[in-house]
Structures are given as C-alpha cells and as structure tokens.
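See below for the structure under consideration.
In what follows, chains carry the letters A, B, and so on, assigned in the order in which the sequence lines appear, proteins first and then strands, with residues in each chain numbered from 1. Here the structure is a predicted model, which is why all the values come from computation and not from measurement.
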Amino acid sequence: MALTLEQVRHVATLARLSLTPEEEQRFTTQLSAVLDAVEQLQSLDVEAVEPTSHATLTSSRLREDVTRPSLPPEKSLANAPAKSDTSFAVPKIIE
Amino acid sequence: MQLTDLTMLELAAKLAAGEVSSEEATRASLTRIQQVDPKVRAFLRVDEAGALAAARASDVRRKSGSPASTLDGVPLGLKDIFLTEGVETTAGSRILEGFVPPYDATVVRLLKEAGLPLVGKLNMDEFAMGSSNESSAFFPSHNPWDVSRTPGGSSGGSAAAVAAREVFGALGTDTGGSIRQPAALTNTVGLKPTYGRVSRFGVIAFASSLDQPGPMTRTVADAAALLQVIARPDAQDATSADAPVPDYSADLEAGVRGLKLGVPREYFTEGMDPEVEAAVREALREYERLGATLVDVSLPHTKYALATYYLIAPAEASSNLARYDGVRFGLRAKDARSLRDVYALTREQGFGAEVKRRIMLGTFALSSGYYDAHYLRAQKVRTLIREDFTRAFQQVDALVSPTSPVPAFKLGEKVEDPLSMYLMDIYTLPCNLAGLPGLSVPCGFTKAGLPVGLQILGRPFDEAGLLRIARAYEREHDFFRRSAPL
C-alpha cells in the first residue's frame, strides 16, 4: 500500500520523531515499498489461526512478590541529562 | 604460530598447564588489536585496564590451583549491546553515546564469575538493526577476508574481531540472523541458542520476543564451552527457560551416523549465489559420506517469513525504543524548550536512518486501524511458520541449509536499498520467529576467497545436537585454521 505524506507525519507524531521534510519524503517512498512487500500476508487465510505473541516455549517464570535490592538514587541518576536532588529534571509541563 | 592463533580451548589448556599466563594472552590480544584494528575497525572501545586487571586476577587463581572455570583467563570481546558496569555501552547509537551502565548484564556477570577478561566492546548495527554494520552510528566494520566488504551484521564487529584473531571469542545477539549471518561471512562459528536459553537481562532490547544472546567463536568446541558458561536460568529475565542445561561438550565427537538431516527445499531458491550453493551442496554430500541420511523436507510458509519478521520486529522495536526520550539517560537535545521537544528532537538527533525507518514501520503496524491487518496478522502467520518446523522435526533430527544467500558484499552496495538488505536474512529469520536454536559453521570459500557458512537448525533446546552435527563436519574440514589475509 502507498502511504501518504500526511500518514507519515501522523506516524512520526505518534513515534515522537521530529522528522525533517527530506526524511518525510524519503520515508513515504521507502515505507510504501516495504508495505507493498508485506502485502503478501493478506493472501493467507488465517481466520482460524491463533497468534504467536512470544517465542517462549515453556511457561513464564514466576517468583515470590518480595522486595529485593534495587539501584540507589545516585546510581539511577548517574546518566541523567538533567537532575534535581533525587529526581530527573525536565522542562516545565504546566504553566 | 602466534598466541592469538590459538582457539579458546587450546589457550585454556595452556593456561591450565602453566605454559602461558592470562596476562600474556590478554596482552597478545591487545597488541593484535593495535596492529589490525585500524583496518578491521571491530572495536568501539577497548578496556585495556579492566582486561589486564581481570587477567592478573585469573593468573593468581590459576597459580593457587583454583581456577573459576575451564575458560578462566581466556580474553573475550562483547558486542556493544551488553551492559557492562562502569564501561560505556552504546548499542552503536548516538542516543546512548556516553552512557555508562550502573550494572552488568547477567551474561556479563557470568563471564566475569568464570574468570574471562573482557577486552572491549564491539561494533554493531545501531540497536542491532542491520545486516552489514553500516547502520552503526560510528563507523562500519570491515571483513578481515576482504576489507572492502562487510563482515555482516548486526554482530559484525564481534565476527570481525574473532576472524581477525583480535579476541579468542565473543558474544553477539541474534534477532533475525545477527549472530549466524556475520559468522557465515567471516569463517567463524555462530550459535543462536533457543529463545530463553540465555538470559536477556541487561541486553539492550531490539525485539523482545526474538532477541537471543549467543557465542561467536572460531570452533564448534569453543562455542560449546562458551555456551556452557552463559546458558543458565535467570530470575531477572521472565522469559528465561527452566529447562536443564546439559553438558554441551559431552557428545561433540559422537558423529552423525544414523541421523536424519532435513534439507528444506524453500532454502535453496533463486537468487542464491551459485558458489554458496555449491559449497553447501558439497557439505551435504559430506554428511552423507559420514553416515547421515538427507531428507527432502518442505517448510511451506518460508516465503512469508520476511514479511512477518518485518512487521513483528519493528513493532516490538518501536515499543522498546520508546525509552530513549532524553529524560533518564543518553542524549538530550540541547535546543529542546518543551517536554514534547525533549522527546521528538532528542529522538530525531539521536537515532540513525535505519532505526527511524523501523520505528516508523513498527508504529504504523501497531497504530489504530492497521493493527489487525498488519501486526495481528503477522503474529498469526508466525504460528504457521512455527508449525512448519514442528512438522519437519517429526521427520528429521535437524535442518541444514545455507546461512546467507550470498557471501560478504561490498560496503555501500545495499545501503540505499533497505529491501535488498532485508533479503540477506531470508534463511536465518524463520528460526527466530519459531524460537529455535540455529548455528552457522564454516563450509568453505568462494573462488575470490570469501567464506561460506552452513546453517543447522534444531529442535528447541537441542543446542547439543546442533554442536555435534557441526563438529562432525568441522572434523573433516578445519577451515578455522585458515587465517584472514590482514
């Protein structure tokens, strides 16, 4: 299927990507080509087929719901681009 | 013969006998990196101090007669996707440049506990999205067999470093072929274990239902020994398997007499390089000579695997990569004034073209109005692909095929054509969709001197079977002794 420039802009907004006009054009062409290629899946009858969401072949592992040691704040914040005391800092959200 | 020409197990034997120290081996590895890495460019960073400290500690243990494992002291490299406490980890992306992990991945902890000095972090396609290492944000790695060509991807730096004998072995990850394809292109052994066999905790996520770490080595026996160290149930990975871990070296020399090897006809298709096909066909004849029976099998949904993969993997990636938002770690766009700009500009500046392309594709496939037609349908076809394998394994013990349809291609050849790059994975990615173990073992060279790999796929948790089948071939053809012309 062919994607429109508007669709590409909408998806970029959903993905929180601030694309350049040149990227918008390029992705419109390239993603349309990929979507054409995956179109072949439409030819299969999968009405009665259960989806596979995960390759886990055995049951998932469970553990007791108990508190365990976790990273101390200074380690958690060590890579933060901006911080304030024991918090990550971001631009003001509410005026 | 140089020290760096030894296999992991040969070096381990010399360490055990006291003929060589881990510090000598680690220094030999560091020297080799200095000599050849300007041409190969496998390393993103070398941790000389950390590796040498670990090597000296290993020598103390060996001297006191209490080695931590059989591989204690054998220097190893890590794909830059594994978190290493205190050592920068980028996944080949600008968005993680300067990120210093506060903890080790489970597999890194296991390697350290087993005493292996970790020499450095190896180049990769950004977030493991690619088949040539060209989507690395930093530079492409080069194939030691022909430095104008790709070593494959996404674990291309790992494969190149092992092939160039810069390290004795390495760890990679495989989401659609990222261990096996570069192994095939570099005359090395790559093993993608069964999904859940090796912990993903601390492994930077690409597509969580497909990703699996595994060994990249020069020989089959080395792969078995390295898998032995990292295959372990892990409480910190909810998808880690509880299945018992066998002794992977026990049956290595048992041969293939009496085994049934399936030859999937859909894996010998048009578009395959004739020299690749010839080398693989010759390997199949070798297996017959060794007493195996070849069985023609069909995996009828193979032709849908690429489309299925390129919906599921980007969908999972678009979700996993949402965490790179400029708030907690990594890059933050300097010019961002609002929180929304922090997200959108950081991601625009921090991600490369292939990563953005896949985030866009995945976001689209999951978006309202397209989810059922694309993502859900792909998950259903994934079931059909799995069932193909289940049926085949009722007839045969393993499947054999080419790993890659072509030998190493020229750097730059496919960069502008994503679809032709995606086709590099057609024989490797069905295995990930089905969660099966797969291995690539060297099976010869083209006339131009480019390596060819043979792929072996097996039943869930039958890594031991794959290793045994690969070893039977390797015993007759020790291509791993050949060194790349660097």
Need one label for [X]: side chain, backbone, both or neither, based on atoms under 4.5 Å from any heavy atom in chain A.
X      : answer
B:A333 : neither
B:R337 : backbone
B:Y370 : side chain
B:D234 : backbone
B:Q236 : side chain
B:L339 : both
B:V100 : both
B:Y103 : side chain
B:A365 : neither
B:T308 : both
B:D237 : backbone

Under 4.5 Å heavy-atom distance to chain B, tell me which part of [X] shows up: side chain, backbone, both or neither.
X     : value
A:L3  : side chain
A:Q7  : side chain
A:L44 : both
A:A37 : both
A:E74 : neither

Heavy-atom check, side chain of A:V90 versus side chain of B:R332, under 4.5 Å: yes
If you define the side chain from C-beta out and look only at heavy atoms, does anything of A:E23 sit under 4.5 Å from B:E348? yes
With sequence neighbours left out, the residues meeting salt bridge (Lys or Arg N to Asp or Glu O under 4.0 Å) with A:R26 are A:E22
Using every non-hydrogen atom in the two residues, find where [X] and [Y] come nearest and quote the distance to one decimal.
X      : Y      : value
A:S53  : B:S209 : O-CB, 3.8 Å
A:L41  : B:R377 : O-NH1, 2.9 Å
A:P81  : B:G326 : CG-O, 3.4 Å
B:K356 : A:L19  : CD-CD2, 4.1 Å

Euclidean distance, B:Y304 OH relative to A:S43 OG, rounded to 0.5 Å: 4.0 Å
Test A:L35 against B:F364 for side chain to side chain contact (heavy atoms under 4.5 Å, CB included), laying out the working first. CA-CA 10 Å; A:L35 289 171; B:F364 174 77; 3.5 Å; yes
Taking NZ, NE, NH1 and NH2 as the nitrogens, is one of them in B:K380 or A:E50 under 4.0 Å from a carboxylate oxygen of the other? no
B:E85 and A:K75 ion-paired at < 4.0 Å: yes
Side chain to side chain contact (heavy atoms under 4.5 Å, CB included) for A:V46 and B:Q379? Distances and angles first, verdict last. CA-CA 10 Å; A:V46 292; B:Q379 286 189 317; over 6 Å; no
List, one per line, each side-chain donor-acceptor pair under 3.5 Å for residues 10-17 of chain A, sequence neighbours excluded.
unit_1, atom_1, unit_2, atom_2, d
A:T13, OG1, A:R9, O, 2.9
A:R16, NH1, A:T13, O, 2.6

Between the side chain of A:N79 and the main-chain N/O of B:R328, is any donor-acceptor distance below 3.5 Å? no
For A:V49, does its backbone N or O pair with a side-chain atom of B:T383 as donor and acceptor, under 3.5 Å? no
Greatest number of non-hydrogen atom pairs under 4.5 angstrom with chain A, of B:T363, B:L376, B:D325, falls to B:T363
